[in-house]
**Student:** 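My questions will all concern the structure given below.
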Amino acid sequence: MQVLKLEQNIFEEFGKLAFVKEEVKADSVFRSIEVDFFDGIEKAVVEKRKYPYFYKYYLYLGDDVTNHITLREEQGARF
(Lines give C-alpha, C1' and ligand atoms only; values in the text may rest on other atoms or scores of the structure.)
Protein backbone atom coordinates (compact mmCIF):
# COMPACT_ATOMS: atom_id res chain seq x y z
CA MET A 1 0.00 0.00 0.00
CA GLN A 2 2.86 2.37 0.78
CA VAL A 3 4.43 1.74 -2.63
CA LEU A 4 1.17 2.59 -4.39
CA LYS A 5 0.91 5.85 -2.44
CA LEU A 6 4.54 6.69 -3.22
CA GLU A 7 3.96 6.06 -6.95
CA GLN A 8 0.89 8.31 -6.79
CA ASN A 9 2.91 11.02 -5.03
CA ILE A 10 5.61 10.88 -7.73
CA PHE A 11 2.92 11.37 -10.40
CA GLU A 12 1.41 14.33 -8.52
CA GLU A 13 4.82 15.94 -7.91
CA PHE A 14 5.70 15.66 -11.61
CA GLY A 15 2.48 17.58 -12.30
CA LYS A 16 3.63 20.50 -10.13
CA LEU A 17 6.79 21.09 -12.17
CA ALA A 18 6.58 23.69 -14.94
CA PHE A 19 8.89 21.84 -17.36
CA VAL A 20 7.04 18.50 -17.31
CA LYS A 21 5.70 17.20 -20.60
CA GLU A 22 2.25 15.63 -20.25
CA GLU A 23 0.74 13.33 -22.85
CA VAL A 24 -2.62 11.54 -22.87
CA LYS A 25 -3.01 8.21 -24.69
CA ALA A 26 -6.28 6.28 -24.39
CA ASP A 27 -6.78 5.57 -20.65
CA SER A 28 -3.29 6.70 -19.62
CA VAL A 29 -1.64 9.98 -18.70
CA PHE A 30 2.15 10.16 -19.10
CA ARG A 31 4.29 12.81 -17.40
CA SER A 32 7.97 12.99 -18.32
CA ILE A 33 10.96 15.03 -17.20
CA GLU A 34 14.56 15.30 -18.31
CA VAL A 35 16.83 13.84 -15.62
CA ASP A 36 20.42 14.92 -14.99
CA PHE A 37 20.81 13.66 -11.43
CA PHE A 38 20.61 9.89 -11.89
CA ASP A 39 23.25 7.46 -13.26
CA GLY A 40 22.93 7.07 -17.01
CA ILE A 41 19.24 8.00 -17.18
CA GLU A 42 18.25 11.01 -19.28
CA LYS A 43 14.46 10.81 -18.93
CA ALA A 44 11.96 9.66 -16.32
CA VAL A 45 8.32 8.95 -17.20
CA VAL A 46 5.47 8.21 -14.82
CA GLU A 47 2.16 6.84 -16.08
CA LYS A 48 -1.28 6.98 -14.48
CA ARG A 49 -3.35 4.20 -16.06
CA LYS A 50 -7.10 3.97 -15.51
CA TYR A 51 -8.62 0.59 -14.78
CA PRO A 52 -12.34 -0.04 -14.21
CA TYR A 53 -12.30 0.68 -10.45
CA PHE A 54 -8.88 2.16 -9.70
CA TYR A 55 -5.77 3.90 -11.05
CA LYS A 56 -2.35 2.25 -11.26
CA TYR A 57 0.93 4.14 -11.53
CA TYR A 58 4.02 3.01 -13.43
CA LEU A 59 7.54 4.44 -13.48
CA TYR A 60 9.76 4.21 -16.56
CA LEU A 61 13.40 5.26 -16.72
CA GLY A 62 14.39 6.22 -20.25
CA ASP A 63 12.29 6.34 -23.39
CA ASP A 64 11.19 2.70 -23.20
CA VAL A 65 7.62 2.79 -21.86
CA THR A 66 7.05 -0.94 -22.25
CA ASN A 67 9.13 -2.11 -19.26
CA HIS A 68 8.25 -0.34 -16.04
CA ILE A 69 10.46 -0.12 -12.98
CA THR A 70 8.97 -0.93 -9.61
CA LEU A 71 10.02 0.97 -6.52
CA ARG A 72 10.88 -2.34 -4.88
CA GLU A 73 13.68 -2.97 -7.38
CA GLU A 74 17.13 -1.57 -6.61
CA GLN A 75 17.07 0.93 -9.49
CA GLY A 76 13.57 2.15 -8.61
CA ALA A 77 14.43 2.53 -4.93
CA ARG A 78 17.59 4.49 -5.71
CA PHE A 79 15.69 6.83 -8.03
Side-chain angles (χ1 to χ4, degrees):
M1 186 62 146
Q2 292 174 340
V3 172
L4 177 62
K5 185 63 177 171
L6 184 56
E7 292 167 339
Q8 180 182 4
N9 288 344
I10 292 171
F11 181 82
E12 297 300 326
E13 290 300 321
F14 273 30
K16 294 178 184 178
L17 301 173
F19 50 86
V20 169
K21 297 175 188 168
E22 186 170 295
E23 184 178 346
V24 178
K25 291 183 184 177
D27 288 338
S28 295
V29 177
F30 295 90
R31 291 182 179 165
S32 62
I33 62 170
E34 300 297 321
V35 175
D36 61 353
F37 57 85
F38 195 67
D39 303 333
I41 303 298
E42 297 175 3
K43 184 177 183 181
V45 180
V46 66
E47 174 189 9
K48 178 181 180 181
R49 189 179 302 169
K50 181 180 179 188
Y51 289 100
Y53 297 104
F54 63 96
Y55 290 100
K56 179 72 175 124
Y57 300 89
Y58 298 98
L59 176 65
Y60 306 98
L61 299 178
D63 287 324
D64 181 19
V65 292
T66 57
N67 298 319
H68 67 277
I69 303 295
T70 65
L71 296 177
R72 292 184 176 131
E73 295 176 24
E74 180 183 346
Q75 190 175 25
R78 285 190 8 224
F79 179 76

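Atom set for the values below is all heavy atoms of this structure, side chains included, hydrogens, waters and symmetry mates excluded. The residues of the chain are indexed from 1 along the displayed sequence.
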**Student:** Should Val46 and Leu61 be regarded as members of a common hydrophobic cluster, given that ILVMFWY residues are connected when their side-chain heavy atoms come within less than 4.5 Å of each other, either directly or indirectly?
**Tutor:** yes
**Student:** Would Tyr55 and Phe11 count as a side-chain contact (heavy atoms from CB on, under 4.5 Å) here? Give the steps.
**Tutor:** CA-CA 11 Å; Tyr55 290 100; Phe11 181 82; over 6 Å; no
**Student:** With sequence neighbours left out, write down each residue that passes salt bridge (Lys or Arg N to Asp or Glu O under 4.0 Å) with Lys56, or none if nothing qualifies.
**Tutor:** Glu7
**Student:** Is Val24 linked to Tyr57 within one hydrophobic cluster, defined over Ile, Leu, Val, Met, Phe, Trp and Tyr using a side-chain heavy-atom separation of less than 4.5 Å?
**Tutor:** yes
**Student:** So how far is it from Asp27 CG to Glu47 CD, rounded to the nearest 0.5 Å?
**Tutor:** 10.0 Å
**Student:** State, to 0.1 Å, how close Gly62 and Val45 come at their nearest heavy-atom pair, and which atoms those are.
**Tutor:** O-CG2, 4.0 Å
**Student:** Are Tyr51 and Val65 linked, directly or through intermediate hydrophobic residues, by side-chain heavy-atom contacts shorter than 4.5 Å (ILVMFWY only)?
**Tutor:** yes
**Student:** Out of curiosity, Arg72 CZ to Leu6 CG, how far, rounded to the nearest 0.5 Å?
**Tutor:** 10.5 Å
**Student:** Glu23: what forms a salt bridge (Lys or Arg N to Asp or Glu O under 4.0 Å) with it, not counting sequence neighbours?
**Tutor:** Lys25
**Student:** Does atom OH of Tyr58 have more than 12 heavy-atom neighbours, drawn from other residues, nucleotides or ligands, at distances under 6.0 Å?
**Tutor:** yes
**Student:** When rounded to the nearest 0.5 angstrom, what is the spacing between NZ in Lys21 and CZ in Phe14?
**Tutor:** 13.0 Å
**Student:** According to a 4.5 Å side-chain heavy-atom criterion applied to Ile, Leu, Val, Met, Phe, Trp and Tyr, with indirect links allowed, do Ile10 and Val35 form part of one hydrophobic cluster?
**Tutor:** yes
**Student:** I need the Ser28 OG to Lys48 NZ distance, nearest 0.5 Å.
**Tutor:** 11.0 Å
**Student:** Between Phe19 and Ile33, what is the shortest heavy-atom contact and its length?
**Tutor:** CE1-CG2, 4.2 Å
**Student:** Counting heavy atoms not belonging to Glu42, are there more than 12 under 6.0 Å from its CD?
**Tutor:** no
**Student:** Hey, could you give me the CZ/NZ distance between Arg31 and Lys16, rounded to the nearest 0.5 Å?
**Tutor:** 10.5 Å
**Student:** Are more than 12 heavy atoms from other residues, nucleotides or ligands located less than 6.0 Å from atom CD of Glu74?
**Tutor:** no
